[in-house]
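Below is one structure, written out as structure tokens; comments come after it.
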Protein chains: 2
Amino acid sequence: MCQTPVVNRELLDVPFLLLSAARALVDGIDAGVRARGFTDIRPAHGYAFARISGTGATVVQLAEHLDVTKQAASQMVDDLVRKGYVERHPHPDDARAKLITLTARGIACTRAAEEAATEVLEPWAARLGPQRLAALRTDLTGLATPGRLRPTW
Amino acid sequence: MCQTPVVNRELLDVPFLLLSAARALVDGIDAGVRARGFTDIRPAHGYAFARISGTGATVVQLAEHLDVTKQAASQMVDDLVRKGYVERHPHPDDARAKLITLTARGIACTRAAEEAATEVLEPWAARLGPQRLAALRTDLTGLATPGRLRPTW
DNA sequence: CTATGTAGTCAAGCTGCTTGACTAAAACTG
DNA sequence: CAGTTTTAGTCAAGCAGCTTGACTACATAG
């Protein structure tokens with residue numbers, strides 16, 4: 001017994017490390033967004049904003065991006081409409097569909113999130129330096145299923 | 001406009017990259033655990049097992065580890081007891097408390113999870129090499145709030 | 001022009017969490 | 001050591017966010 005190589009033990013807490021880092025980041029950004037006055041928004045909404053931002057998105061597109069059912073996405077849109085962050089417009093190309101777009105408030109919130117993210121990431125990235133940052137990005141990309149949960153911006 | 005430095009754009013998708021990697025890992029491990037016959041277990045239970053494993057844990061300790069209320073932790077223990085993964089014993093040092101420990105089935109499941117994790121991580125770690133792996137671990141640790149969501153093993 | 005597929009919503013239900021209230025035991029405190 | 005406060009755990013009720021199922025309106029393929 002006790003013949004398990006050290007590499008394994010160290011390898012096995014990579015998932016915890018990753019989760020821990022991701023959570024710390026999300027919590028930090030969320031705190032920054034709240035501090036900027038957007039208190040009725042949760043991290044999950046950020047992923048929605050990322051997809052809606054720019055040209056807008058349909059409910060189905062949003063559902064795919066968030067990996068939930070279209071009903072769940074529709075409910076989230078209801079919520080965001082009620083809170084004034086997004087709007088439903090008739091879709092220019094498809095009378096069945098609706099184009100969800102950010103309101104001014106939604107755009108302001110997105111900016112706040114970007115500021116908060118920069119605030120959290122900048123000092124860490126500075127300590128790392130551009131070289132290690134690039135390496136980390138490459139290595140993480142290799143770990144992630146390509147294209148999943150990526151932002152549209 | 002358009003004067004935002006490139007560094008910022010690249011920095012801003014680090015959270016997405018991290019989340020994406022973490023999710024891919026968790027999904028992969030979960031699939032491996034299911035493939036080994038433990039189909040009534042979800043990733044969240046893995047974090048519970050990690051804390052219970054070894055000397056065992058109380059409900060309150062588990063709650064702290066999972067960052068939920070003690071009621072939620074107690075409900076999860078109910079569930080795991082019903083499924084045969086853990087047991088409640090009287091605590092040797094405190095008559096109020098109960099010591100939660102893994103059953104044989106719980107230990108087997110933990111082993112399955114370690115196997116699954118190794119299976120997912122090994123090829124990726126091999127491609128990286130020990131040097132970059134060490135660097136990545138260091139950099140992620142710097143990002144994570146120290147000590148959070150760490151395993152006890 | 002009919003048949004099949006797709007976008008979105010309504011409705012009901014479930015799961016996993018929360019808050020609040022409580023019991024029993026431990027740990028302070030004067 | 002009696003009295004107070006804190007801590008471990010549970011019961012109960014409620015809520016948020018998701019699911020499945022059923023449906024309407026429009027699009028598209030044959």
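Here the structure is a predicted model, which means the values were calculated and not measured. Protein chains get the first letters and strands the later ones, always in sequence-line order, with residue 1 at the start of each.
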Please determine, for the side chain of [X], which listed nucleotide ([options]) has the closest atom?
{"X": "A:Asp94", "options": "C:dA25, D:dC26, C:dT18", "result": "D:dC26"}
{"X": "B:Gln71", "options": "D:dA27, C:dT9, C:dT18", "result": "C:dT18"}
{"X": "A:Val60", "options": "D:dC18, C:dG8, C:dG5", "result": "C:dG8"}
{"X": "B:Lys70", "options": "C:dG16, D:dA8, D:dG17", "result": "D:dA8"}
{"X": "B:Val68", "options": "C:dG16, C:dT18, C:dA26", "result": "C:dT18"}
{"X": "B:Arg96", "options": "D:dA27, C:dT18, C:dA24", "result": "C:dA24"}

For this session: Report yes or no: is there a donor-acceptor pair, N or O only, under 3.5 Å between the side chain of B:Gln75 and the base of C:dT18?
Result: yes
So does [X] get a side-chain nitrogen or oxygen closer than 4.0 Å to the phosphate oxygens (OP1/OP2) of [N]?
{"X": "A:Thr58", "N": "C:dG8", "answer": "yes"}
{"X": "A:Arg88", "N": "C:dT9", "answer": "yes"}
{"X": "B:Ser74", "N": "D:dT10", "answer": "yes"}
{"X": "B:Lys98", "N": "D:dT10", "answer": "yes"}

Exercise. Mapping A:Arg42 and A:Asp93 onto DNA chain D by nearest heavy atom, which one lands closer to the 5' end?
Worked result: A:Arg42
Problem set entry | Ionic contact status for B:Lys98 with B:Asp93, cut-off 4.0 Å | no
Exercise. Do A:Asp79 and A:Tyr85 get their side chains close enough for a donor-acceptor pair, meaning under 3.5 Å?
Worked result: no
